[in-house]
Amino acid sequence: MIGKVGDLVGDVERIAVLRANALGDFIFALPALDALRAGYPDAELVLIGAPWHERLLRDRPGPVDRVLVVPPAHGIRVAGPGEPEPSAESMPEFLAAARRERFDLALQMHGGGANSNPLVAGLGARVTAGLRTEDAPPLDRWLRYVYYQPEVVRYLEVAGLVGASPTGLLPRLVATEADLAEARTVLGEPAGPRIALHPGASDPRRRWPPERFAEVADHLVDDGYEVLVTGTPGERELAGEVVAAARRPVRSVVGELSLGGLIGCYAGCEVVVSNDTGPVHVAAALDIPTVGIFWVGNMINCAVPLRARHRPIASWTLNCPTCGQDCSREIYPARGGGPACPHQVSFVTDVPVVEVLAAVADLTRR
């Protein structure tokens with residue numbers, strides 16, 4: 001049975017929030033973290049996260065007071081580059097140390113809860129709250145995890161379980177002077193108004209073809225823009241494909257910027273054009289106009305709902321381009337859905353270049 005919803009908890013001095021997944025996932029949780037900060041203004045708000053969260057949030061304005069790094073564990077997070085694999089003692093030692101923090105509230109904003117709810121319960125807080133699928137153990141206060149729901153709203157509902165009301169619906173991220181200084185040092189003075197293209201995404205099904213990004217780049221350079229291609233170190237080859245396919249001079253900055261430097265870079269752009277992945281959500285949180293390329297199912301969950309400064313473009317491809325399976329039915333067994341299609345090919349190739357260019361022109365009024 002779902003626990004009581006909506007009551008503030010008394011005498012709260014310390015709150016833990018588990019959100020240890022990827023960059024875009026953290027951005028989606030920012031409005032919920034803001035709500036907790038407003039609802040419990042005197043409490044310390046601790047994010048249970050990854051090492052990159054600690055680096056990102058150190059000395060950065062925002063709702064989080066500090067980050068407690070959780071060890072890599074199945075369903076929680078994977079070890080980052082250069083990070084040693086955890087031992088069998090890593091998680092028990094982490095939980096023992098966390099219990100000594102004497103958290104009053106512990107919230108699970110991580111996912112369906114099969115792996116994360118036991119971790120949150122193990123923090124020893126007076127009250128736990130979060131999400132759960134049918135196979136996940138319950139917390140003191142919980143909501144059913146239903147896949148299709150805007151992610152920002154999902155985590156605002158979790159914050160509401162402990163009485164924290166929304167203060168806004170849009171994630172907001174601040175570019176610090178250190179971010180801007182790194183971007184200036186690496187990028188130099190702009191040759192013209194800048195637009196960044198981000199052709200990567202962790203899931204190949206969300207990647208628009210590199211040659212389409214190159215075609216967009218050529219048009220933008222002809223329109224007087226300086227075009228940068230961004231990406232993670234693992235996306236260097238993909239960014240190189242965009243640069244190689246472009247007929248006009250386009251610069252890849254993959255591997256040249258830290259995450260803070262990327263924030264500083266985007267803060268100086270007129271538009272960011274990207275697949276559905278963390279950087280497009282970072283740009284939106286910086287209030288930089290975005291053109292995002294989304295598979296229609298992901299658009300429901302992840303696209304910014306405003307249109308004054310953002311143009312998410314939906315691909316309506318439902319059938320796998322390789323085997324023809326209707327992938328929109330996978331989570332609906334009553335509609336004939338079954339095992340997930342195994343093919344990792346792009347589902348967004350039906351988005352034409354002309355729509356992306358029209359969206360950029362509309363946002364820049366050119």
Side-chain angles (χ1 to χ4, degrees), residues 15-30 32-33 36 45-58 60 62-99 101 103 105-125 128-133 135-137 139 145 147 151-152 154-155 158 171 173 200-204 206 231-235 258-260 262-263 276-279 281-282 285 298 301-302:
I15 303 170
V17 177
L18 175 64
R19 188 66 170 161
N21 24 30
L23 176 59
D25 300 313
F26 171 71
I27 298 297
F28 295 144
L30 279 170
L33 295 170
L36 289 169
L45 185 54
V46 180
L47 180 73
I48 309 294
W52 71 263
H53 289 102
E54 187 175 46
R55 293 190 296 270
L56 174 68
L57 299 179
R58 189 181 303 135
R60 185 177 302 276
V64 175
D65 292 304
R66 63 185 169 95
V67 175
L68 196 60
V69 175
V70 65
H74 176 67
I76 303 300
R77 71 176 186 88
V78 298
E83 186 179 6
E85 291 293 331
S87 68
E89 293 77 29
S90 297
M91 188 59 74
E93 290 173 355
F94 169 81
L95 290 173
R99 284 192 289 271
E101 299 251 7
F103 288 109
L105 301 180
L107 280 73
Q108 190 273 97
M109 297 186 184
H110 193 76
N115 300 291
S116 49
N117 284 1
L119 190 155
V120 167
L123 297 173
T128 60
L131 300 159
R132 69 175 293 231
T133 54
D135 61 343
L139 299 170
Y145 181 94
Y147 181 75
E151 294 292 320
V152 166
R154 189 192 309 281
Y155 302 110
V158 172
L173 190 65
S202 58
D203 187 340
R206 290 188 273 121
T232 65
E235 294 167 342
S258 69
L259 178 53
L262 182 70
I263 290 170
D276 169 25
T277 188
H281 306 302
V282 168
N298 294 333
N301 283 26
C302 302

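Just the heavy atoms: all of them, side chains too, but no hydrogens, waters or symmetry mates, feed the values below.
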For [X] and [Y], work out which heavy atoms get closest and say how close.
X    : Y    : answer
F28  : R19  : CB-NH2, 4.3 Å
A201 : E235 : N-OE2, 3.3 Å
P279 : L23  : N-CD2, 4.3 Å
A20  : R77  : O-CB, 3.6 Å
G113 : P118 : O-CD, 3.5 Å
P137 : A114 : CD-O, 4.3 Å

Heavy atoms, side chains only, cut-off 4.5 Å: are [X] and [Y] in contact?
X    : Y    : answer
L131 : Q108 : yes
V152 : P171 : yes
Y147 : N301 : yes

task: Applying side chain to side chain contact (heavy atoms under 4.5 Å, CB included) between V17 and each of L45, V158, V120, report the one that passes.
output: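 With V17 as partner, L45, V158, V120 yield a single side chain to side chain contact (heavy atoms under 4.5 Å, CB included), made by L45.
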Step-by-step side-chain contact (heavy atoms from CB on, under 4.5 Å) determination, I27 to E151: CA-CA 10 Å; I27 298 297; E151 294 292 320; over 6 Å; no
Sidechain-backbone polar pair: E93 side chain, A96 backbone, donor-acceptor under 3.5 Å: no
Quick one: pull up [atom1] in [X] and [atom2] in [Y] and give me the separation to the nearest 0.5 Å.
X    : Y    : atom1 : atom2 : answer
I48  : S116 : CD1   : OG    : 12.5 Å
E101 : I15  : CD    : CD1   : 13.0 Å
L18  : I76  : CG    : CD1   : 5.5 Å
L139 : R132 : CG    : CZ    : 8.5 Å
L105 : L123 : CG    : CG    : 11.5 Å
R60  : I263 : CZ    : CD1   : 4.0 Å

- request: In sequence, state the C-alpha distance, the side-chain angles, and the governing distance for L68 and F94, and then conclude on side-chain contact (heavy atoms from CB on, under 4.5 Å).
  value: CA-CA 9 Å; L68 196 60; F94 169 81; 3.8 Å; yes
query: H110 and N117: side-chain donor and acceptor closer than 3.5 Å?
result: no
message: For a side-chain contact (heavy atoms from CB on, under 4.5 Å) check, start with the C-alpha distance between F26 and H281, then their side-chain angles and the critical distance, and finish with the verdict.
response: CA-CA 10 Å; F26 171 71; H281 306 302; over 6 Å; no
